[in-house]
Participant: 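Encoded as structure tokens, here's the structure I'll be asking about.
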Amino acid sequence: MVIPLIIVAALLAVFGKRLADVSGGDDPRVVPTVLLNTPFPAMDLAALPGREFGGLSTADLKGQVSLVNVWGSWCVACMVEHPTLVALNREKLVPIHGIAWRDKPEASLAWLAKNGDPYARVGQDPRSSAAIALGVTGAPETFVVDAEGVIRYKHIGPITPEVWKTKLAPLIAQLRK
Amino acid sequence: MKRILSILAALPIFAALLISISAFAVEPDERLNDPAAEARAREVSKALRCVVCQNETIDDSNAELARDMRLLVRERIKAGDTNDQVLAYMVQRYGDFVLLKPRMTGETLVLWFGPFLVLIVGGFIVMRRLRKPAPAAAPEALSMEDAKALQEITNTDDGTQKDSAP
Amino acid sequence: MLIELGHFALALALLVAVVQGTLPLIGAHRRNTAWMAVAEPAAIVQALLCGFAFATLMHAYIVSDFSVIGVANNSHTAKPLLYKITGVWGNHEGSMVLWITVLSLFGAAVALFGTNLPRSLKARTLGIQGLIGLGFLAFILFTSNPFLRLNPAPAQGNGLNPLLQDPGLAFHPPMLYLGYVGFSVAFSFAAAALLEGRVDSAWARWVRPWTLAAWMFLTLGIGLGSWWAYYELGWGGWWFWDPVENASFIPWLTGTALLHSAIVVERREALKSWTILLAIVTFSLSLLGTFLVRSGILTSVHAFAADPARGVFVLILLAIAIGGSLTLYAVRAPAVDGGGVFSPISREGGLLINNLLLTTAATTVLLGTLYPLIADAFELGKLSVGAPYFNAVFVPLMVPLVILTGIGPLLAWKRGDLNGAFQRLKAAAAIAVLALLATVVLNGGDIVNIAAGGGMALAAWLIAAALTEWLYRVRGTDGISWQRIVNLPRSAYGMTLAHIGMAVLIIGVTGSTAWKEEHIESLKPGEYIEAAGYRVTFVTAKEVRGPNYVALQGEYTVTRNGELVTTLRPEKRNFSQPVQQTTEAAIHTTGLADLYTVIGDADAANTAFVTRVFYEPFVPCLWYGVLLMGLGGLVSLSDRRHRIGAARRIAAGSAALQPAE
């Protein structure tokens with residue numbers, strides 16, 4: 001006769017834990033990447049016409065720690081993080097590569113002209129082939145890739161100065177050692 | 001956005017389905033020419049979750065990423081992948097999250113065997129109940145009021161033991 | 001002003017709920033009749049106050065009073081009146097007021113119609129009902145108040161999600177709430193019986209009509225939701241195993257089990273503590289269904305502005321309501337257990353297996369729905385549980401249940417004769433086999449058609465068995481007598497109708513799953529799609545204006561063998577407030593199958609339009625099945641034995657009923 005009570009108590013405990021997690025910032029929608037500590041998937045993305053640096057291929061990521069940022073001119077949240085990326089680039093803290101996801105090249109270029117261009121290389125991904133290879137579920141998402149070209153971290157959502165300071169900067173410093 | 005969210009919040013059913021349904025799933029230009037390959041693509045698409053939606057298959061979803069995933073599924077099939085290989089390709093990138101039918105692993109043992117466990121334990125309890133009926137509880141004396149009420153109710157019975165129905 | 005009065009009424013209702021939730025319970029404990037007597041007027045006043053509060057809110061929506069936050073956020077002057085009204089429950093806060101209003105109405109109904117209930121049982125039932133009301137009034141007033149003002153008031157509201165501006169969905173939530181909340185009565189009766197320490201057939205007889213009513217509303221509510229999804233979402237699906245759908249389906253399964261186990265209590269005073277447990281669990285699952293989706297922890301919550309304060313409040317409420325009642329159950333249930341003895345092969349035995357299968361099915365759906373959440377909590381990784389899982393696990397549980405549903409009613413109480421039942425069901429079994437063969441012969445012998453044949457065989461079996469059972473009850477030695485047909489209790493007809501409804505539903509599920517045809521083409525004027533013998537020709541597309549939308553309307557002529565059948569005009573509507581597109585499928589139905597057309601985007605040259613044509617065989621059977629089940633509930637509800645305080649004596653003719661032993 002106490003069994004139903006025990007089951008319900010256990011269920012409510014699970015709900016309680018999840019509620020605490022969620023209000024503590026663990027968004028149930030966020031799907032962590034399964035590509036952690038695996039080599040950056042093979043890709044060779046075309047450049048945005050007229051940009052100084054070329055397109056993005058997997059080989060370009062070898063040699064130094066870098067960020068790969070998935071964005072699009074259609075993406076509202078990308079606008080939020082953009083000033084942070086521009087600032088990071090200005091201070092030459094880390095090379096940032098961009099993947100222009102599901103975007104027209106003109107639109108991407110216009111957006112960069114208007115909001116500033118923090119990117120080293122930018123590759124076009126008009127049909128999500130790179131995004132799917134990277135397991136991207138939305139924009140912006142940012143990968144931390146080490147000097148061997150291995151994915152070490154994925155940040156989902158806009159990068160804020162806070163995120164840079166607490167998560168990305170320490171990780172990059174550690175990877176550079 | 002928040003406003004739309006709060007509108008949806010009230011809906012007891014289908015709230016999750018309301019997100020972005022204005023366009024359509026599979027478009028004519030996506031299809032493969034070979035009907036058998038296309039049928040396989042549909043089957044695979046129905047097993048894959050649209051990762052930007054709620055509980056929708058990429059086959060049903062009109063999200064742009066879902067469309068691109070459908071196209072990729074077709075590309076893989078054209079390239080000679082089996083259905084399982086296509087699924088594995090997606091799982092490798094998105095994890096088990098992308099499968100609508102979870103694989104049987106240590107993590108999903110309870111999910112897959114839970115129902116059978118409930119059936120077996122329940123069946124066991126039922127068997128025991130059928131074999132050895134619990135002793136009848138000692139009848140309590142009825143209060144005058146209750147006795148009268150019971151009388152009235154039993155009087156309305158139509159005298160058959162066969163007429164109960166849901 | 002009116003809205004402040006509504007707010008005040010709700011606050012007052014909270015105070016009344018405090019009284020209703022305490023005095024009668026204490027009074028019943030101390031056998032103080034004066035205190036117990038408070039319950040009835042309190043329940044009625046409660047309903048009046050909640051009803052008034054709801055009416056003021058509805059008034060604010062009708063007159064578009066945008067100084068009220070909820071109205072400003074969810075309404076718009078250009079909206080048709082119907083959707084201004086239904087907009088009241090088109091948002092979280094307003095729907096909670098509807099919820100509490102329905103709850104209080106059920107309480108008042110028990111107070112008014114439960115005239116032959118023992119005083120203490122009634123006082124306790126209403127007391128528990130008051131406590132539930134108290135919890136949710138507090139929830140509304142402290143976390144989800146719809147009566148708050150906005151200053152300054154905006155000139156125009158934000159409008160209602162266009163998908164909700166639809167007759168099917170407009171009445172789906174109230175219907176669903178009538179079901180969910182209706183189970184609160186069974187819950188209160190169960191808790192009251194535990195407090196009383198007594199459960200008997202009289203108790204079961206009092207509870208059954210309320211359960212039946214709740215079950216009927218829930219059945220129709222789920223059906224309405226499914227129907228809406230079918231015609232509005234634009235791809236002709238009618239069930240998605242979405243968490244929010246499951247949330248309503250799980251209490252339906254346990255509610256169905258409760259309906260059947262209550263019969264055993266009523267007839268044989270057996271399965272008493274189990275029935276009490278089912279009553280508690282069914283309402284608990286309703287609470288879980290209504291509130292889990294508002295707390296922010298299920299993935300479906302995607303669609304919600306998750307408010308942690310709200311979530312915590314809900315969790316505490318669930319803990320008190322469910323935890324409290326189950327604690328009471330753990331302590332008191334042993335005292336109410338026991339009852340009639342029966343053999344495994346008997347009506348009771350059959351109903352017990354029915355309960356086993358239904359509860360297992362409910363547990364399965366619950367497990368699948370909550371598993372992603374459980375996996376999150378135990379950090380087992382992110383995973384999804386979708387339709388393929390549910391179909392794989394749920395369907396095998398339903399097959400034996402349907403077979404049993406055919407046999408059970410032919411078994412006698414206490415000790416049944418299985419061989420005898422089989423003898424009588426020979427014809428039904430033969431019909432089932434014929435259905436299987438006919439399906440395979442007509443459609444081919446591949447795996448899909450064999451499975452479909454199995455589904456059709458189950459449906460045929462159930463219909464034939466239900467009719468067989470009826471036939472044996474109305475047939476005496478002198479053949480079928482009109483008098484027996486008339487005198488058969490309504491509850492018997494209710495059962496037969498509901499079981500046949502189930503069978504018709506199975507036909508719909510089977511047919512639409514196995515033989516649905518999908519055609520998608522980009523059509524220029526004059527081009528056509530052929531589906532199931534129909535030719536759907538695209539004629540033209542034009543722009544049409546509605547009250548608050550502009551639509552692209554396609555015109556398609558449907559011909560069969562060269563003869564015009566109908567003209568279909570599917571639309572793609574663009575709403576401006578809020579900005580959203582909806583599809584309006586155009587459906588031609590033959591009564592047994594639907595031809596479903598949807599118009600999509602134009603090509604670059606604006607001459608060819610993406611057109612979807614679905615042939616949906618047997619989909620109408622889904623709605624017939626649901627309606628038949630609902631009708632079964634209604635007919636059973638009208639049985640004189642369920643008419644509370646009615647019909648003292650019954651005509652002597654009913655003795656002619658022949659037991660089907």
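As the structure is a prediction and not an experimental result, all values here were calculated from the model. Just so you know, these numbers use all the heavy atoms, side chains as well, and skip hydrogens, waters and symmetry mates. In what follows, every chain begins at residue 1, and chains take the letters A, B, ... in the order their sequences are listed.
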Participant: Give a yes or no on whether the backbone of E232(C) and the side-chain of T583(C) come within a donor-acceptor separation of less than 3.5 Å.
Facilitator: yes
Participant: Is there side-chain contact between W228(C) and H172(C), with heavy atoms separated by less than 4.5 Å?
Facilitator: no
Participant: With chain C as the partner, which of I125(B), L119(B), T108(B), V98(B) has the greatest number of non-hydrogen pairs under 4.5 Å?
Facilitator: L119(B)
Participant: Distance-only, no hydrogens or angles: does the R347(C) side chain make a donor-acceptor pair with backbone N or O of K414(C) under 3.5 Å?
Facilitator: no
Participant: Could you please state which residues from residues 110-117 of chain B sit under 4.5 angstrom from chain C, measuring non-hydrogen atom to non-hydrogen atom, sorted by number, or 'none'?
Facilitator: V110(B), L111(B), W112(B), G114(B), P115(B)
Participant: Any side-chain to backbone donor/acceptor pair from R70(B) onto I58(B)? Under 3.5 Å, distance only.
Facilitator: yes
Participant: Under 3.5 Å, side chain of S636(C) to main-chain N/O of G632(C), donor-acceptor pair present?
Facilitator: no
Participant: Please determine, among T105(B), V118(B), L100(B), the option with the most heavy-atom pairs under 4.5 Å with chain C.
Facilitator: L100(B)
Participant: Taking atom CD of Q581(C) and atom CG of D601(C), what is their separation to the nearest 0.5 Å?
Facilitator: 6.5 Å
Participant: Please, which pairs that meet salt bridge (charged side-chain N to carboxylate O under 4.0 Å, His left out) have at least one residue in residues 101-117 of chain B, sequence neighbours excluded?
Facilitator: D96(B)-R103(B)
Participant: Just give me the residue among I520(C), V264(C), L497(C) that pairs up with chain B most often, heavy atom to heavy atom, under 4.5 Å.
Facilitator: I520(C)
Participant: Can you check whether anything in residues 77-87 of chain B gets within less than 4.5 Å of chain C, heavy-atom wise, and list it by number?
Facilitator: none
Participant: Against chain B, label W241(C) side chain, backbone, both or neither, depending on which of its atoms sit under 4.5 Å from a heavy atom there.
Facilitator: backbone
Participant: Any heavy-atom pair between the side chains of N74(C) and N158(C) that's under 4.5 Å?
Facilitator: no
Participant: Taking the cut-offs as 6.0 angstrom to the six-membered ring centre and 45 degrees off its axis, would you call R268(C) and F342(C) a cation-pi pair?
Facilitator: no
Participant: Taking all atoms of both residues into account, what is the closest heavy-atom pair of V385(C) and P102(B), and its distance?
Facilitator: CG2-CG, 4.0 Å
Participant: Let me know if L397(C) has heavy atoms under 4.5 Å from chain B in its side chain, its backbone, both or neither.
Facilitator: side chain
Participant: Would you give the length of the straight line joining atom CG of D60(B) to atom CZ of F240(C), rounded to the nearest 0.5 angstrom?
Facilitator: 6.5 Å
Participant: Does anything in residues 36-47 of chain B pair up under salt bridge (charged side-chain N to carboxylate O under 4.0 Å, His left out), and if so which pairs, sequence neighbours excluded?
Facilitator: E38(B)-R74(B), R42(B)-D59(B), R42(B)-E518(C), K46(B)-D59(B)
